[in-house]
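Please find one structure pasted underneath; my questions will follow.
Just the heavy atoms: all of them, side chains too, but no hydrogens, waters or symmetry mates, feed the values below.
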Amino acid sequence: MKLIALIALFLCLVLKVSAQQGYAVKGSVTDSMATYKLVNTTITVLNQQDSTLVKFGRADAEGNFSLATLRPGKFILLVTYPGYADYAEDFTLDTAHAVKDFGSLNMILKSTLLNDVIIKGKIAAIKMKGDTTEFNAGSFTVRPNARVEDLLQQLPGIQVDKDGKITAQGQTVTKVLVDGDEFFGDDPTLVTKNLRADMVDKVQLYDKKSDQAVFTGIDDDKTEKTINLKLKEDKKKGYFGKIDAGAGTDDFYGLQGMFNVFKAKQKFSVYSTLANTGKTGLSWQDSRKYNSGTTVEFSDDGGMMITMGGRGDELESYDGRYNNEGIPLARTGGLHYDTKWNKDKQSLNTNYKIGSLGVKGTKNTLTQNNLPDGILNSNSDQNFDNYIFRQKLDLSYFANLDSVSTLKISVDGTLKNSETNSEFNSSSTKAGIGLLNTSERNLSNDGKDQLFNMSALYTLKFKKPRRTFSANMSYSLTKNSSAGFLNSVNTFFNETGGQDSVSHINQYKTNDGINSVLNTNLTYTEPLSKSLALVFNYGLGFNNGTSDRKSFNQAGSGRYDLLDTLYSNDYELNQLTNQLGAVFNYKKNKTTINFGTKATAVRFNQYDVYHDRNFDRNFINWSPQASYLLKISQQATFRFAYNGNNTQPQLSDIQPIRVNTDPLNITIGNKDLNPSFSNRFNLNYNSYKVLSEQGLYIGASFGFTGNAIVSNMTTDAAGKNTYQSINLSSKTPKNFNFYFGGDRKIKSLDLRIGLGLNAYGNTAYNYINKALNEAESYNFSGSFSVSRWDAKKYSFNIRIEPGYNTSQSSLQQQVNNNGWNLNSRAGFTLFLPAKFQLNTDADYQFTAATASFDNNFERTIWNASIRKKFFKEENLTLEIKGNDLLNQNTGQSRSAWSNRIIQNSYTTIRRYFMFSVIWDFNKMGGSVNK
């Protein structure tokens with residue numbers, strides 16, 4: 001019996017091997033003219049599902065090929081030969097078609113590649129070069145005079161929304177470079193919306209590392225998702241530009257123009273915008289570049305904190321951000337010039353921007369404050385009129401000093417003038433008591449800001465490989481000066497509803513601040529072995545700041561010359577830091593590991609000028625770090641990282657002054673604040689399969705903070721709130737974030753689909769009337785998208801994002817802000833005969849009622865336009881556009897922070913119709929289009 005069983009097993013194996021040997025592919029390869037055989041052509045068989053390699057071989061001396069011992073299934077045949085366009089074809093092997101004969105395959109020279117072959121060759125339009133994904137722009141069809149933005153929308157793994165925001169492989173793209181250089185600084189939309197798609201040869205997508213990391217080869221966790229546009233050589237000489245002018249109903253208008261001259265290694269560009277439609281033409285929201293008084297950071301409680309003018313009250317200088325609140329009027333312009341010389345060993349890049357932005361509007365704010373003994377509800381109406389004028393000049397110079405050393409110097413300066421005028425009418429009520437107070441306020445403020453930044457990086461490579469030295473120095477100087485008036489009438493009521501008291505405030509306020517920061521850092525890398533290196537660094541830093549805030553009451557003479565010492569203070573904070581650190585770097589094969597720490601000795605010298613008091617303190621800050629990177633394949637990476645760091649209290653937090661620009665919400669500084677310590681863990685997995693155009697992105701993070709800086713709030717019987725920042729040692733705020741995203745191309749339907757899941761939440765703490773409040777906020781959302789693009793017929797995209805939010809305070813658990821929301825967007829473009837084009841898009845938003853706010857919010861913003869193009873080059877366009885056709889663009893937002901839940905409603909741009917003329921002109925590389 002055992003012998004029979006062994007014979008049977010042997011026969012089964014023989015039959016299986018025979019069956020496998022029966023599946024094969026064969027054919028021959030010649031050039032397109034069939035004049036000679038393409039010897040040694042590479043023949044590759046790939047899985048259709050995941051593009052993994054099945055088998056490969058080469059054509060013989062006669063150009064014939066045969067690959068046997070294949071299994072049944074769906075595959076891709078990829079044929080490549082130097083100088084010829086790649087050939088790719090899907091095929092299936094099964095019992096009915098065990099052998100696939102491709103016959104004679106005629107390969108075509110790239111120089112004579114026809115349009116129909118370009119479409120066939122799309123599968124070979126993407127290459128992976130190390131950490132860079134490179135797209136061949138010529139393999140993607142766009143319409144005449146299309147912009148880079150239109151090209152990017154067709155690239156696998158890249159999405160561009162209606163505002164020009166670019167997302168690539170699940171991450172936001174923050175830089176768009178042209179031939180490796182910045183173009184108008186860090187404003188990606190100026191490139192994507194104005195540069196012509198037909199000028200681009202390659203689109204490179206990668207994570208741009210810091211200059212220090214690029215030099216040492218050791219990751220410092222400072223990366224930016226970046227797109228680099230490599231221009232065609234024949235498109236680097238000539239000029240091109242665009243003018244877009246439109247006039248509409250209700251006095252809406254828009255005028256935007258850009259002119260560019262390229263000549264070999266030089267680029268010169270100029271642009272200008274004049275519009276009141278929300279088109280600014282400049283990243284006004286990039287406050288980090290234009291306003292040192294505005295910072296955006298993640299707070300200790302896990303939320304996002306936006307601080308303007310150092311303290312965040314309404315009297316500070318207007319920072320110039322436009323978030324679709326109000327009606328804007330933008331006047332902007334800019335110049336750009338960059339060049340390279342001395343065999344590209346030296347380069348210069350400079351930009352100048354100038355512009356103004358005025359915003360007028362109204363805003364209503366409903367605030368629910370959860371207190372230990374009840375709920376305080378506030379209602380505030382605001383009329384605002386803000387204006388800002390600013391100009392910025394930046395310059396960057398790079399030089400290869402010799403074969404082993406480089407020098408990079410960057411300088412920029414900004415001048416800003418702002419004017420703000422606001423009128424407030426507010427009231428506060430408390431459940432079971434009724435009306436507590438009313439307030440009428442008028443605020444006006446004129447501000448002037450001056451910013452200067454400079455940095456220099458020197459690098460040196462020694463004879464021993466991977467032994468390096470670098471020196472980095474940065475200096476910044478900021479001067480802020482503002483002056484304005486506060487007029488306020490505040491009425492307080494007793495429990496019976498009768499008027500209890502009235503307070504009048506009529507003050508003239510000034511605020512003068514200077515902040516200078518000098519940091520130096522020396523870094524030395526020493527290779528310990530082929531795989532292990534040690535990085536030493538030493539840094540010395542000086543941070544000196546002064547803040548002189550004065551409030552003057554009006555005297556009998558009518559002049560504001562009576563100093564109110566309760567709301568005035570002159571304070572200095574000087575910091576000296578010494579940092580010493582060591583980081584080990586292990587890199588072998590597909591694995592990279594970093595671990596180490598930095599220790600910083602910080603000396604605080606605080607000086608209260610008014611009271612002639614010195615307060616000296618010393619801290620030791622630790623910055624441990626560790627990361628693990630695994631390059632699973634050329635298209636897939638896994639990364640885990642830990643970072644710990646101290647957060648120092650700022651001058652605006654510790655200055656012992658009462659700020660009463662909102663008399664019902666007083667802020668007090670705390671000179672005794674200590675640093676907090678944050679721990680953060682990050683995990684990421686990215687995978688992108690080029691041939692199947694399938695991407696998968698997974699990420700998670702978790703953080704917690706010790707000795708967190710939190711708010712200590714006191715509310716009196718009249719509803720007046722007083723805030724002060726304190727350290728919390730008894731509890732640990734926590735936050736987390738998770739995202740999952742995937743997209744792939746369904747080739748049979750020529751559709752691209754995407755799926756996504758997101759979840760984030762935080763647990764925050766603060767004190768209210770000496771009671772510790774625990775606030776928990778969570779958000780869960782999903783997304784589904786589908787899109788298709790046909791440059792000759794139509795294109796469409798649909799995205800649906802349902803979500804659920806929870807927000808609850810431990811003080812009043814029965815009143816929460818839990819509810820559903822839905823956001824969805826859709827766009828459709830139809831290319832009609834006679835060069836007509838129909839465009840329409842809609843944005844639907846729904847926010848359900850909650851226990852805190854009993855109203856549903858729902859709106860649909862529908863836009864549509866019809867275009868007619870003229871001339872053979874289609875470079876003249878007439879457009880009629882309707883904005884917000886349903887007239888539903890009512891602005892509203894909800895947010896939760898600590899014990900407060902806030903709902904904002906504001907005016908914004910609504911329905912109008914506009915007629916526009918768009919003219920594209922160019923003379924590039926010998927072609928003329930004007």
Side-chain angles (χ1 to χ4, degrees), residues 295-308 310-313 367-373 375-376 378 573 602 604 606 617 619 621 644-659 662 664-680 701-716 720-737 760-778 806-813 816-817 895-902:
T295 58
V296 180
E297 59 184 327
F298 288 97
S299 59
D300 288 326
D301 56 22
M304 186 175 72
M305 182 182 299
I306 300 177
T307 306
M308 294 175 288
R311 189 174 291 274
D313 55 73
T367 305
Q368 174 188 298
N369 280 286
N370 296 318
L371 307 177
D373 59 346
I375 297 174
L376 179 68
S378 300
L573 172 62
V602 183
F604 265 34
Q606 302 169 218
R617 294 188 292 168
F619 307 103
N621 292 344
N645 64 280
N646 287 92
T647 301
Q648 298 291 142
Q650 302 299 308
L651 176 58
S652 57
D653 297 317
I654 66 177
Q655 184 175 8
I657 184 176
R658 298 174 68 90
V659 180
D662 182 355
L664 298 181
N665 292 279
I666 304 293
T667 302
I668 302 176
N670 180 5
K671 65 180 181 62
D672 297 316
L673 274 181
N674 290 316
S676 63
F677 188 85
S678 299
N679 301 272
R680 192 151 200 89
S701 65
F702 174 74
F704 58 94
T705 303
N707 203 37
I709 299 175
V710 302
S711 173
N712 182 21
M713 170 184 168
T714 302
T715 302
D716 62 20
K720 183 190 294 185
N721 302 314
T722 303
Y723 302 89
Q724 187 180 47
S725 295
I726 64 171
N727 290 105
L728 177 68
S729 57
S730 59
K731 296 289 184 178
T732 304
K734 298 176 283 291
N735 60 83
F736 76 90
N737 180 50
Y760 63 84
N762 67 75
T763 302
Y765 298 91
N766 68 319
Y767 281 97
I768 301 103
N769 292 345
K770 298 183 179 180
L772 181 63
N773 174 58
E774 180 179 321
E776 292 184 322
S777 297
Y778 300 96
T806 70
S807 178
Q808 185 170 285
S809 170
S810 63
L811 297 181
Q812 300 292 334
Q813 297 187 21
N816 58 57
N817 195 44
S895 60
W897 183 77
S898 295
N899 64 307
R900 287 175 290 176
I901 301 173
I902 302 171

For this session: Could you label the plane-to-plane angle of the Phe736 and Tyr778 rings as parallel, tilted or perpendicular, counting under 30° as parallel and over 60° as perpendicular?
Result: tilted
Exercise. Checking Asn707 side chain against Pro675 main chain: does a donor-acceptor pair fall under 3.5 Å?
Worked result: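 Judged by distance alone, yes, a pair lies under 3.5 Å.
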For this session: With sequence neighbours excluded, tell me which residues meet side chain to side chain contact (heavy atoms under 4.5 Å, CB included) with Thr715.
Result: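 Scan of Thr715 (side chain to side chain contact (heavy atoms under 4.5 Å, CB included), adjacent residues dropped) gives Leu371, Leu376, Met713, Asn721, Asn769.
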Exercise. Which heavy atom of Asn665 sits nearest a heavy atom of Tyr723, and at what distance?
Worked result: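 Residues Asn665 and Tyr723, closest heavy atoms: OD1-OH, 3.2 Å.
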Problem set entry | Straight-line distance of Asn645 CG to Ser678 OG, nearest 0.5 Å |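 Taking CG in Asn645 and OG in Ser678, the distance rounds to 5.5 Å.
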Exercise. Do Thr714 and Asp716 have side-chain heavy atoms sitting under 4.5 Å apart?
Worked result: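 The answer is no, as the side chains (C-beta and beyond) never meet within the 4.5 Å cut-off.
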Exercise. Are Gln368 and Asn370 linked by a side-chain donor-acceptor pair shorter than 3.5 Å?
Worked result: yes
Exercise. With no hydrogens and no angle check, is any side-chain donor or acceptor of Asn727 less than 3.5 Å from a backbone partner on Asn674?
Worked result: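 Confirmed, Asn727 side chain pairs with Asn674 backbone.
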Exercise. Would you say the side-chain atoms of Arg617 pair up with the backbone N or O of Leu673, donor to acceptor, closer than 3.5 Å?
Worked result: yes
Problem set entry | Check: Ile375 main-chain N/O paired with Gln812 side-chain donor or acceptor under 3.5 Å |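 Between the backbone of Ile375 and the side chain of Gln812 there is no qualifying donor-acceptor contact (under 3.5 Å).
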Problem set entry | Donor-acceptor pair, side chain of Gln813 and main chain of Leu811, under 3.5 angstrom | no
Exercise. When rounded to the nearest 0.5 angstrom, what distance separates CD in Gln655 from OG1 in Thr667?
Worked result: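 Going from CD on Gln655 over to OG1 on Thr667, the span is 12.0 Å.
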For this session: Would you check if Ile709 and Ile726 make a side-chain contact, meaning some heavy-atom pair closer than 4.5 Å?
Result: no
Problem set entry | Distance-minimising heavy-atom pair for Glu776 and Glu774 |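 For Glu776 and Glu774, the tightest heavy-atom pair comes out as OE2-OE2, 3.5 Å.
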Exercise. In terms of heavy-atom contacts, does OH of Tyr760 have more than 12 from other residues, nucleotides or ligands at under 6.0 Å?
Worked result: no
For this session: To the nearest 0.5 angstrom, please state how far the CG atom of Asn773 sits from the CG atom of Asn766.
Result: 5.0 Å
For this session: Answer whether the closest heavy-atom distance between the side chains of Ser730 and Tyr765 falls below 4.5 Å.
Result: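 Of all side-chain heavy-atom pairs linking Tyr765 with Ser730, none is under 4.5 Å.
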Exercise. CG of Leu728 to OG of Ser711: how many Å apart, nearest 0.5 Å?
Worked result: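 Going from the CG atom of Leu728 to the OG atom of Ser711 covers 11.5 Å.
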Exercise. Just by distance, do the side chain of Asn712 and the backbone of Gln724 share a donor-acceptor pair under 3.5 Å?
Worked result: no
Exercise. Can you find a pair of side-chain heavy atoms, one from Lys731 and one from Thr763, that are under 4.5 Å apart?
Worked result: no
For this session: Return yes if a side-chain donor-acceptor contact under 3.5 Å exists between Asn735 and Arg680, otherwise no.
Result: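 Short answer, yes.
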Problem set entry | Least distance between heavy atoms, Thr367 atom then Asn369 atom |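 Shortest heavy-atom separation between Thr367 and Asn369 comes out as CG2-ND2, 3.6 Å.
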Problem set entry | Separation of Lys671 NZ from Ile654 CD1 (nearest 0.5 Å) | 10.0 Å
For this session: Using distance alone, with no hydrogens and no angle criterion, decide if Ser809 and Asn899 have a side-chain donor and acceptor under 3.5 Å apart.
Result: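 Looking only at side-chain atoms, Asn899 and Ser809 do not form any donor-acceptor pair under 3.5 Å.
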Exercise. Would you say the side chain of Pro372 lies within less than 4.5 Å of the side chain of Ile768, judging by non-hydrogen atoms?
Worked result: yes
